[in-house]
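Each remark here refers to the structure printed beneath this line.
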Amino acid sequence: IEKHDLARLAEYDALFIRETTSIDNHTYRFARRAEQEGMPVIDDTVSMIRCTNKVYLKELLESHNIAIPKSLVLNGRSALDDAERDLGFPIVLKIPDGSFSRGVHKINDRGALEELAARLFVDTDLLLAQEFMPTDYDWRFGVLGGEPLFACQYLMAPNHWQIIKHTDDGRAVEGRLNTVAVEDAPPEVIAAAVKAARLIGGGLYGVDLKENARGVHVIEINDNPNLDSHAEGAVLKDEVWARLVKWFIARMEEKRGG
């Protein structure tokens, strides 16, 4: 179904959203209608609200003693001194509701920080500043129903510091991807990913983490992770989709009394 098919939603038993979610577009309206109809849904509205707010995620993870890069919430240009003093340069500056590496900027000096912050504060009251934590790849763990589903290493885009490089002409250049069996991933990374995802809910999440000499750090939790058979599903293959179907069936049976 497409975004113009909201009136048809009640014809179905469950809803699996495969678009970039936002609380101000049709994906949120579809999820809300599905919940009103008693349908199991991925992504549910609570997960959308939680995962699309990077400031909320920072505070949630810190309150549960889950390691993240050193971070500060900036509530105006007066907070830039704190960011420079506590984080140093480079600084990673994020808008609260960015996705797929958009709205994430690497800042190398005070002048660039002031210029970018002034521009971003026109559209948002808060920004998230984080220490720059370079790694060759980011871990991405898929977690479904509180259990690990897949494990991937997303390598940085060529000659770039992120896994996706957005070019001036609108193209998105991605780094390579290595899919590994969950049981072959480091146990401490699995544990951090599962613990973080369970704080959000019982749906499907993509947890991004960095692993370095200081340990494992959760970068963010995504409520609508990529799920492609040739990539994230390269190890489990059809079992990925079987587990998703079982997730939906279990919740439909629970609604119907078993």
Side-chain angles (χ1 to χ4, degrees), residues 20 42-43 47 50-52 54 57-58 60-62 64-71 90 92 94 98-104 106 128 130-166 172-237 239-240 243-244:
T20 302
I42 295 176
D43 314 311
S47 295
R50 291 173 174 172
C51 289
T52 56
K54 290 181 172 60
L57 288 178
K58 168 197 175 295
L60 177 70
L61 295 169
E62 286 182 336
H64 287 82
N65 298 315
I66 296 177
I68 64 173
K70 190 173 183 180
S71 305
V92 177
K94 301 180 179 181
S99 60
F100 288 96
S101 298
R102 292 191 181 277
V104 180
K106 179 185 171 189
L128 182 64
Q130 291 186 320
E131 64 172 312
F132 178 54
M133 187 175 283
T135 53
D136 292 334
Y137 60 84
D138 288 352
W139 279 106
R140 162 68 64 85
F141 272 80
V143 180
L144 175 65
E147 300 298 331
L149 179 66
F150 64 79
C152 292
Q153 296 171 338
Y154 289 176
L155 279 70
M156 300 300 134
N159 302 312
H160 192 57
W161 61 280
Q162 294 171 286
I163 62 175
I164 301 176
K165 180 180 181 180
H166 297 281
V173 180
E174 300 185 24
R176 293 184 295 109
L177 180 150
N178 296 325
T179 309
V180 301
V182 168
E183 57 269 23
D184 293 335
E188 61 273 19
V189 182
I190 300 173
V194 169
K195 183 178 180 180
R198 288 176 177 174
L199 295 177
I200 303 299
L204 173 65
Y205 308 102
V207 184
D208 294 340
L209 312 97
K210 285 184 179 289
E211 183 185 19
N212 59 21
R214 288 165 46 195
V216 177
H217 299 77
V218 174
I219 304 302
E220 64 182 23
I221 309 168
N222 305 278
D223 62 294
N224 63 327
N226 284 13
L227 192 57
D228 295 304
S229 295
H230 69 280
E232 292 80 10
V235 171
L236 287 181
K237 302 186 183 303
E239 181 63 19
V240 166
R243 292 189 189 181
L244 274 163

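Model, not experiment: these values are computed from the prediction.
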What is the minimum heavy-atom distance between [X] and [Y], and which atoms define it?
X: C152; Y: Y154; value: CB-CE2, 3.6 Å
X: G233; Y: V240; value: CA-CG2, 3.9 Å
X: E220; Y: N222; value: OE2-OD1, 3.1 Å
X: P148; Y: R243; value: O-NH1, 3.8 Å
X: V92; Y: E131; value: CG2-O, 4.3 Å
X: V218; Y: I68; value: O-CG2, 3.4 Å

Exercise for the section: Check the pair H217, N212 against side-chain contact (heavy atoms from CB on, under 4.5 Å), reporting the backbone distance first and the verdict last. Expected result: CA-CA 8 Å; H217 299 77; N212 59 21; 3.7 Å; yes
Handout entry: CG/D136: more than 12 non-hydrogen atoms of other groups inside 6.0 Å
Key = no
Problem - Distance-only polar pair, side chains of K58 and S71, donor-acceptor under 3.5 Å - result: no
Enumerate, atom names and distances included, each donor-acceptor pair closer than 3.5 Å involving a side-chain atom of residues 181-200, sequence neighbours excluded.
{"unit_1": "K195", "atom_1": "NZ", "unit_2": "H64", "atom_2": "O", "d": "3.2"}
{"unit_1": "R198", "atom_1": "NE", "unit_2": "G146", "atom_2": "O", "d": "2.9"}
{"unit_1": "R198", "atom_1": "NH2", "unit_2": "G146", "atom_2": "O", "d": "2.8"}
{"unit_1": "R198", "atom_1": "NH2", "unit_2": "E147", "atom_2": "OE2", "d": "3.0"}

Quick one: [atom1] on [X] to [atom2] on [Y], what's the gap to the nearest 0.5 Å?
X: L236; Y: L149; atom1: CG; atom2: CG; value: 6.0 Å
X: T135; Y: I219; atom1: OG1; atom2: CD1; value: 7.5 Å
X: M156; Y: I164; atom1: CE; atom2: CD1; value: 10.5 Å
X: R50; Y: D223; atom1: CZ; atom2: CG; value: 11.5 Å
X: K54; Y: L61; atom1: NZ; atom2: CG; value: 12.5 Å

Exercise for the section: Could you walk me through whether L128 and L57 pass side-chain contact (heavy atoms from CB on, under 4.5 Å), step by step? Expected result: CA-CA 11 Å; L128 182 64; L57 288 178; over 6 Å; no
Are any non-hydrogen side-chain atoms of [X] and [Y] less than 4.5 angstrom apart?
X: K210; Y: W139; result: no
X: Y137; Y: R176; result: no
X: L177; Y: R140; result: no

